[in-house]
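Below you'll find the structure, written out as structure tokens, and then a few comments.
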Amino acid sequence: MTGKTAPRRLSIFGSTGSIGQNTLNVVDHLGGRENFEISVLTGNGNVELLARQAKDFGARMAVTANDRHYEALKSALSGSGIAVASGKSGLMEAADRGADWVMAAIVGTAGLAPTLAAAKRGADIALANKECLVSAGDLFISAIRKGGGRLLPVDSEHNAIFQVLEENQRHAIERVVLTASGGPFRTASLKEMAGVTAETARAHPNWSMGLKISIDSASMFNKALEMIEARHLFGLTPEQIEVIIHPQSIIHSMVGYTDGSVLAQLGAPDMRTAIGYALSFPRRPNLPIERLDFAKLARLDFEAPDELRFPALRLARLAMTRGGVQGAVLNGAKEVALEAFIEGRLPFLAMAEITERVMDDLAGLPPAEDMDDVFAADRQARQRAADLMKLEIAG
């Protein structure tokens with residue numbers, strides 16, 4: 001008699017964010033505790049939600065990335081038998097737990113070290129953290145190869161490429177085309193964009209996301225980071241990576257081959273499709289996703305992005321061409337500029353201007369040999385961006 005398959009062991013880094021919550025939604029739909037064992041859930045400040053998730057899904061451990069929330073999380077989980085940890089050490093402990101599959105959805109550079117540690121021990125990494133590849137792509141890809149796990153992209157664009165990229169046809173890949181909705185300022189003029197606020201920039205037409213990622217989408221910095229990610233994920237040259245504006249967000253990305261064929265992945269704009277594919281790979285799961293009605297779609301529109309209004313795309317190519325730690329520099333500088341924009345200290349279009357000046361100033365940094373080098377480049381970029389903004393204000 002054939003025995004029941006043991007539940008897969010999962011860890012979800014960033015379970016209280018939108019990616020994490022949707023991952024748990026998919027886990028629940030695909031059988032919950034019957035088919036999956038939750039090793040670790042991690043969050044940041046939303047302790048109430050993290051504790052509820054840990055109890056609902058029977059997690060072995062819950063970690064808050066913020067040491068200040070340790071006591072609150074410990075109190076919320078008192079008597080549950082669920083282990084509690086916090087801070088950087090807690091995240092590293094979470095990475096060492098023996099999960100087979102890790103959702104890497106911690107936002108920012110805070111996700112680098114634990115995700116890299118999980119990759120080194122051979123876990124399959126469902127990657128939703130952009131910084132792993134943008135800031136430390138060479139190191140991260142090397143860790144995946146040495147660890148023996150699989151890298152499963154969760155961003156809808158990269159997941160789409162992953163679905164239609166034929167492994168036995170890698171020699172024939174001519175280009176990949178990342179689609180972008182164009183965000184809330186797709187048709188706005190430079191003059192209009194110069195005066196936008198954080199509130200208007202967060203209003204994405206197709207996706208419900210957090211404040212920072214919504215603004216990254218509005219400025220197309222998210223697409224710039226995705227270009228760099230695509231280079232590392234699929235072993236591409238900068239010249240093979242294109243971006244096209246597609247307002248409907250139905251085609252999630254495409255792969256063009258040397259025979260002229262273009263394969264595209266289509267679907268309703270729902271992040272659970274990519275999460276489910278990564279969780280169930282190589283099998284496709286049955287998910288409660290809206291099915292496309294092509295008759296109702298009527299039309300799919302495309303247009304070339306305007307790099308005068310969205311200079312982040314040009315900066316991505318510059319970072320890829322220069323190589324080394326320029327991705328980390330771009331990301332670090334952009335993060336500081338983004339915070340300043342949210343706080344009303346920097347105009348929307350100036351985010352790219354500050355980022356480019358920092359990239360130029362730090363173009364001579366050597367390639368990273370380890371994560372300390374990546375973090376050092378990130379710190380230098382952030383400090384230089386802050387210094388430049390002080391000079392701008394003083395001037």
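- Using a 4.0 Å cut-off between a side-chain N of Lys or Arg and a carboxylate O of Asp or Glu, Arg314 and Glu356 qualify as a salt bridge.
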### Message
One pair to check against side chain to side chain contact (heavy atoms under 4.5 Å, CB included): Leu330 and Thr355. What are the steps and the verdict?
### Response
CA-CA 6 Å; Leu330 183 158; Thr355 301; 4.1 Å; yes
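- Side-chain atoms of Ser39 do not come within 3.5 Å of backbone N or O of Ala99 as any donor-acceptor pair.
- The backbone N or O of Ile241 lies less than 3.5 Å from no partner atom in the side chain of Arg231, so there is not a single donor-acceptor pair.
- By the side chain to side chain contact (heavy atoms under 4.5 Å, CB included) test, Arg60 is found to be paired with Glu37, Arg97, residues two or more places apart in sequence or in another chain being considered.
- Counting non-hydrogen atoms of neighbouring residues, nucleotides and ligands closer than 6.0 angstrom, the NZ atom of Lys55 exceeds 12 such neighbours.
- Between Glu339 and Arg345, no side-chain nitrogen of the basic residue sits less than 4.0 Å from a carboxylate oxygen of the acidic one, so the salt-bridge criterion is not met.
- Using a 4.0 Å cut-off between a side-chain N of Lys or Arg and a carboxylate O of Asp or Glu, Asp67 and Lys88 do not qualify as a salt bridge.
- Within the 4.5 Å cutoff, side-chain heavy atoms of Leu112 are placed close to those of Val374.
- Under 4.0 Å is where a charged nitrogen must lie from a carboxylate oxygen, and between Arg317 and Glu307 at least one such pair does.
- Side-chain atoms of Asp259 and Ser261 include a donor-acceptor pair closer than 3.5 Å.
- Using a 4.5 Å cut-off on side-chain heavy atoms (C-beta onward), Gln326 and Met320 make no contact.
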### Query
Taking it one step at a time, do Gln21 and Asn25 satisfy side-chain hydrogen bond (donor to acceptor under 3.5 Å, both in side chains)?
CA-CA 6 Å; Gln21 291 184 59; Asn25 179 278; over 6 Å; no
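- For the residue pair Arg8 / Asn35, no side-chain donor-acceptor distance below 3.5 Å is found, with atom types taken as modelled.
- Taking a cutoff of 4.0 Å between a charged side-chain nitrogen and a carboxylate oxygen, Asp293 and Arg291 do not qualify as a salt bridge.
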